[in-house]
Amino acid sequence: GCRTVVTAAADDVVELRRPVDERDLRPGGTVSGPTMMELADTAIYVAILARIGLEPMVVTTDLNFHFLRKPAAGLPLLAHCRLLKCGRQLAIGEVHLFSEGRSEAIAHAVGSYAIPPASGAS
């Protein structure tokens, strides 16, 4: 089942929390890149839906991801996302990922998302 939880959503900003277990680790005991990228993608998607309403056909068109430092293997991941733009056809969001309880970001991502013409974005 889904392990990611939305912990805050307001004013084009959302926060998500995702527990980490052995399924999310790669050899060497660090959180895998795909796990972190999935959380960043989900955070931007949630931020867009929080703004425009439930529109399942919003799709990722680009995700630029920077790994900044090694995440703590035993700590949940936190995603802090801010929408930079949310127009009628395109939305862009920025995400910083953290290991819970740590102040330095472990990753940074910027993603763009296509919004289908039928949605109610402004």
Side-chain angles (χ1 to χ4, degrees):
C2 182
R3 297 178 290 152
T4 301
V5 175
V6 177
T7 56
D11 299 326
D12 294 335
V13 174
V14 300
E15 294 181 5
L16 278 64
R17 181 180 188 270
R18 186 188 191 284
V20 171
D21 64 27
E22 66 281 347
R23 295 173 290 179
D24 304 308
L25 303 182
R26 67 170 185 82
T30 190
V31 179
S32 73
T35 296
M36 292 188 280
M37 295 173 94
E38 174 192 23
L39 181 59
D41 186 48
T42 301
I44 301 172
Y45 184 71
V46 167
I48 294 167
L49 297 189
R51 168 65 101 66
I52 71 171
L54 295 180
E55 173 50 69
M57 295 309 296
V58 170
V59 295
T60 309
T61 58
D62 179 75
L63 185 65
N64 192 347
F65 203 89
H66 302 275
F67 298 97
L68 303 176
R69 44 187 63 79
K70 183 178 177 178
L75 296 176
L77 296 176
L78 303 179
H80 296 194
C81 175
R82 176 173 65 100
L83 285 184
L84 303 176
K85 170 191 175 71
C86 193
R88 286 196 309 258
Q89 297 178 330
L90 179 71
I92 300 170
E94 175 182 46
V95 181
H96 288 92
L97 298 183
F98 299 86
S99 291
E100 189 172 61
R102 307 276 172 90
S103 61
E104 292 186 314
I106 58 171
H108 174 258
V110 175
S112 58
Y113 296 71
I115 300 172
S119 79
S122 56

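Since we're looking at a predicted model, the values are computed, not measured.
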Gap between atom [atom2] of [Y] and atom [atom1] of [X] - 0.5 Å precision:
X    : Y    : atom1 : atom2 : answer
D41  : Y113 : CG    : OH    : 3.5 Å
L39  : R17  : CG    : CZ    : 11.5 Å
E94  : D12  : CD    : CG    : 13.0 Å
I115 : Q89  : CD1   : CD    : 9.0 Å
H108 : F67  : NE2   : CZ    : 13.5 Å
I106 : T30  : CD1   : OG1   : 7.5 Å

Can you see which heavy atom on [X] is nearest to which on [Y], and at what distance?
X    : Y    : result
R69  : A105 : NH1-O, 2.6 Å
Y45  : E55  : OH-O, 3.9 Å
A43  : V14  : O-CG2, 3.4 Å
L75  : S99  : CD1-CB, 4.1 Å
S103 : F98  : O-CE2, 3.3 Å

Donor-acceptor pair, distance only, cut-off 3.5 Å: does the side chain of T61 make one with the backbone of S112?
yes
Measure from the side-chain N and O atoms of D11 to the backbone N and O of V13, and report whether any donor-acceptor pair falls under 3.5 Å. no
Side-chain touch [X]/[Y], heavy atoms, less than 4.5 angstrom:
X   : Y   : result
C86 : I52 : yes
R18 : V31 : no
R3  : D21 : yes

Should we say atom CZ of R102 is surrounded by more than 12 heavy atoms from elsewhere, each under 6.0 Å from it? no
